[in-house]
Amino acid sequence: MSLSIVIMAAGKGTRMKSSRPKVLHKLAGRPMLAHVIGTTASLQADQQVVVTGHGAELVESSMTAAFAQAPLRFVRQEPQLGTGHAVQQAVPVLPEGGTTLILNGDTPLIEASTAQALVDACAGEHLALLTITLADATGYGRIVRDASGEQVLAIVEHKDASPAQRDIREVYTGMMAAPTARLKQWLARLDNRNAQGEYYLTDVVAMAQADGVKVVAAQPKDEVEVLGVNSPAQLAELERRHQRAQANRLMEQGVRLADPARFDLRGSLQCGADVDIDVNCVFEGKVTLADGVQIGANCVIRNATIGAGTVIHPFTHIDGDTQGATVGAGALIGPFARLRPGAELGDEVHIGNFVEVKNSTLAKGAKANHLAYLGDATVGERVNYGAGSITANYDGANKHRTVIGNDVHVGSNCVLIAPIQLGDGATIGGGSTIAKDAPAGQLTVARAKQVSLAGWNRPQKAKR
Ligand code: UD1
Ligand code: MG
């Protein structure tokens, strides 16, 4: 049976006090709306329809970019006259039959299994509401049931509710699944005669009742799935709960987090056995840590793969961006190291403080321990790259490669002007500016000869 998903994302989000559309504010590094679209993609719906309004162009372009493969459709709601009015805008693109699942773009942590349970409860014929019982139901639409408690009769918005209805703690989460043909009929009959002068989607419940359509309710596994974001404080609160849940999942797999409250994952983190992660680390994009990896405090690691037993010391920044960055097994990186896109470090490589590596390959056992730059370089095995040495890889117009053979020793404070090659076993004298290839096995020095002048006198201050 056909399934359509309608995601409401037109609201202004006044309480965010931001020029950015609310649904584009990020949770775990990803726009809230992208969470909802991404999660529900697994339901294999025939289409996902996003209702946009406030900041529509920006919302549409960023979601189109994020979900190039998905069959996303956008419908505009201008002006925004309420949730019922929002779904009315989707009616022309909904098929005649099947089921429509309605979700909110500002409720990012809904799980696919809960959304599926709602669709299943609808079963193509009932009106299924996702409800939850809250300690404090203020602001929410209340679920009004019959005397037996079995039948849902209506949803009454907080502002329209009587004192007795306000005592009800079962609330509507904003998500429902309905038979599409019926939904279209109900939407056509909505009016805005209520406290807010809006077209309430929730009024379809009473209509379903009147039409003899059974109204059923399903519940999420966890409250966090249905928490919506209206303010920066709520966004931060949800972020912490989400991070805590991710941290718990990793710890259940055996990952040792020094403090799960000081851990941030904005993407996916794959960990082997016996991984230790110290406090205040941020993982972004796709990160893989092999067995026995240790991550020191205050590291930021994005789109990178770290080999077994490697130690990343504190304050290291690894950013693979779109190219990725890889570190082999048994390597020592940092403290204060910076690995940029295209850094490919072999096993047992050592990268020390204030060393930057970009688009470079370092073979097994190569070391750059202090204050150095390696850009667009191919570095052989066991190379020792001295403190303060750099590759001059950019001539102002183009980038050029530096190729360093095995067992090369580059002294301190050298400038290697690319394109250039240093042969196997070459030694480069400290302080050299190397502009021509250096032969294998020889000492190459390119600096002014040292002279000492006997009988030289320091200038004296002129006497008056
Ligand atoms: C809605 C429900 C309420 C429920 C609550 C749960 C209605 C009438 N009420 O209230 O029963 O308890 O959600 O959070 O549905 N939106 C549009 N266009 C509009 C208005 C809203 O796209 O014209 C979008 C918003 O961007 C948001 C969602 O719909 O993503 C919900 O809108 P919101 O104004 O937050 O509804 P609530 O008043 O919270
Ligand atoms: Mg709301």
Side-chain angles (χ1 to χ4, degrees), residues 5-16 18 20-25 27 31-37 49-56 59-60 63 74-91 101-110 127 129-134 136-144 152 154-161 165-166 168-176 178 183 186-187 190-207 215 217 219-220 223-231 234-235 238:
I5 299 177
V6 176
I7 303 171
M8 294 184 286
K12 185 156 190 279
T14 311
R15 283 193 279 153
M16 290 301 291
S18 167
R20 192 189 304 170
K22 177 163 81 168
V23 292
L24 293 187
H25 282 275
L27 181 121
M32 291 193 276
L33 178 57
H35 281 270
V36 180
I37 295 172
V49 184
V50 182
V51 183
T52 60
H54 187 75
V59 173
E60 291 170 14
M63 289 307 111
F74 298 99
V75 294
R76 295 260 176 111
Q77 184 201 17
E78 271 153 3
Q80 290 92 46
L81 304 178
T83 50
H85 181 250
V87 182
Q88 279 173 351
Q89 311 312 306
V91 166
L101 171 66
I102 300 169
L103 303 171
N104 282 319
D106 63 357
T107 309
L109 296 180
I110 182 69
L127 175 60
L129 308 174
L130 192 67
T131 73
I132 190 165
T133 301
L134 296 176
D136 178 9
T138 309
Y140 286 90
R142 306 299 204 282
I143 301 293
V144 180
V152 176
I155 299 175
V156 179
E157 290 306 301
H158 180 90
K159 287 184 180 152
D160 300 288
Q165 287 168 332
R166 287 191 180 179
I168 299 172
R169 293 195 301 118
E170 185 184 8
V171 304
Y172 173 55
T173 62
M175 301 175 230
M176 65 168 69
L183 179 67
W186 298 329
L187 288 170
L190 290 179
D191 64 54
N192 63 354
R193 291 192 297 270
N194 51 55
Q196 300 185 86
E198 289 184 3
Y199 294 87
Y200 289 167
L201 175 62
T202 44
D203 285 351
V204 302
V205 176
M207 294 179 189
V215 182
Q219 279 76 39
E223 178 192 274
V224 76
E225 290 184 62
V226 300
L227 293 179
V229 170
N230 298 300
S231 65
Q234 286 174 346
L235 181 59
L238 208 54

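Numbering of ligands and ligand atoms starts at 1, following listing order. These numbers come from the heavy atoms of this one structure, side chains and all, not from hydrogens, waters or symmetry mates.
Panel note: side chain Gln77, backbone Gly82; a donor-acceptor pair is recorded below 3.5 Å. Looking at Thr83, its side chain never comes within 3.5 Å of a backbone N or O of Tyr200 through a donor-acceptor pair. Asn104 contributes no side-chain N or O that, together with a main-chain N or O of Met8, makes up a donor-acceptor pair within less than 3.5 Å. Counting only distance, with no hydrogens or angles, the side chain of Arg15 and the backbone of Ser231 share no donor-acceptor pair below 3.5 Å. For His35 (side chain) and Leu27 (main-chain N/O), a donor-acceptor pair under 3.5 Å exists by modelled atom type. Side chain of Gln89 to backbone of Val75: no donor-acceptor contact under 3.5 angstrom is found.
Counting heavy atoms under 4.0 Å from ligand 1, residue Gln77 touches it through the side chain alone. Contacts with ligand 1 closer than 4.0 Å are made by backbone heavy atoms (N, CA, C, O) of Leu81 only, the side chain lying farther away. Contacts of Glu157 with ligand 1, taken as heavy-atom pairs under 4.0 Å, involve the side chain alone.
Taking distance alone, with nitrogen or oxygen atoms compared against 3.5 Å, Gly11 approaches ligand 1 more closely than that limit. Annotation: Tyr172 places an N or O atom under 3.5 Å from an N or O atom of ligand 1; distance criterion only.
Taking 4.0 Å as the cut-off, Val171 does not count as a neighbour of ligand 1 on heavy-atom distance. At a 4.0 Å cut-off, not a single heavy atom of Val51 sits close enough to ligand 1 to count as contact. Residue contacts with ligand 1 leave out Gly53, since none of its heavy atoms falls under 4.0 Å from the ligand.
There is a side-chain donor-acceptor pair under 3.5 Å between Glu60 and Thr52. In this structure, a donor-acceptor pair under 3.5 Å is present between the side chains of Lys22 and Asn230.
Of all atoms in ligand 1, numbered sequentially from 1 with element shown, those under 4.0 Å from a heavy atom of Met8 are 22 (O), 24 (C), 29 (O), 30 (O). Interface of Ala9 with ligand 1, defined as ligand atoms under 4.0 Å from a residue heavy atom, comprises 22 (O). Within ligand 1, counting atoms from 1 as listed, the ones closer than 4.0 Å to a heavy atom of Ala86 are 17 (C), 18 (N), 22 (O). Every atom of ligand 1 with a heavy atom of Tyr200 under 4.0 Å away is listed here by number and element: 8 (C). Those atoms of ligand 1 with a heavy atom of Thr173 less than 4.0 angstrom away are 6 (C), 14 (O). If you number the atoms of ligand 1 from 1 as listed, the ones under 4.0 Å from a heavy atom of Thr202 come out as 7 (C), 8 (C), 9 (N), 11 (O), 15 (O).
By heavy-atom distance, the residue among Leu201, Val36, Leu134, Thr83 lying nearest atom 32 (O) of ligand 1 is Thr83. Proximity annotation for atom 19 (C) of ligand 1: of Ala10, Gly82, Gly141, Gly139, Gly82 comes nearest, heavy atoms only.
Heavy atoms only, all atoms of each residue included: His54 and Gln80 are closest at N-NE2, 3.5 Å.
The pair Glu157-Arg142 fails the salt-bridge criterion, with no side-chain N (NZ, NE, NH1 or NH2) lying under 4.0 Å from an Asp/Glu carboxylate O.
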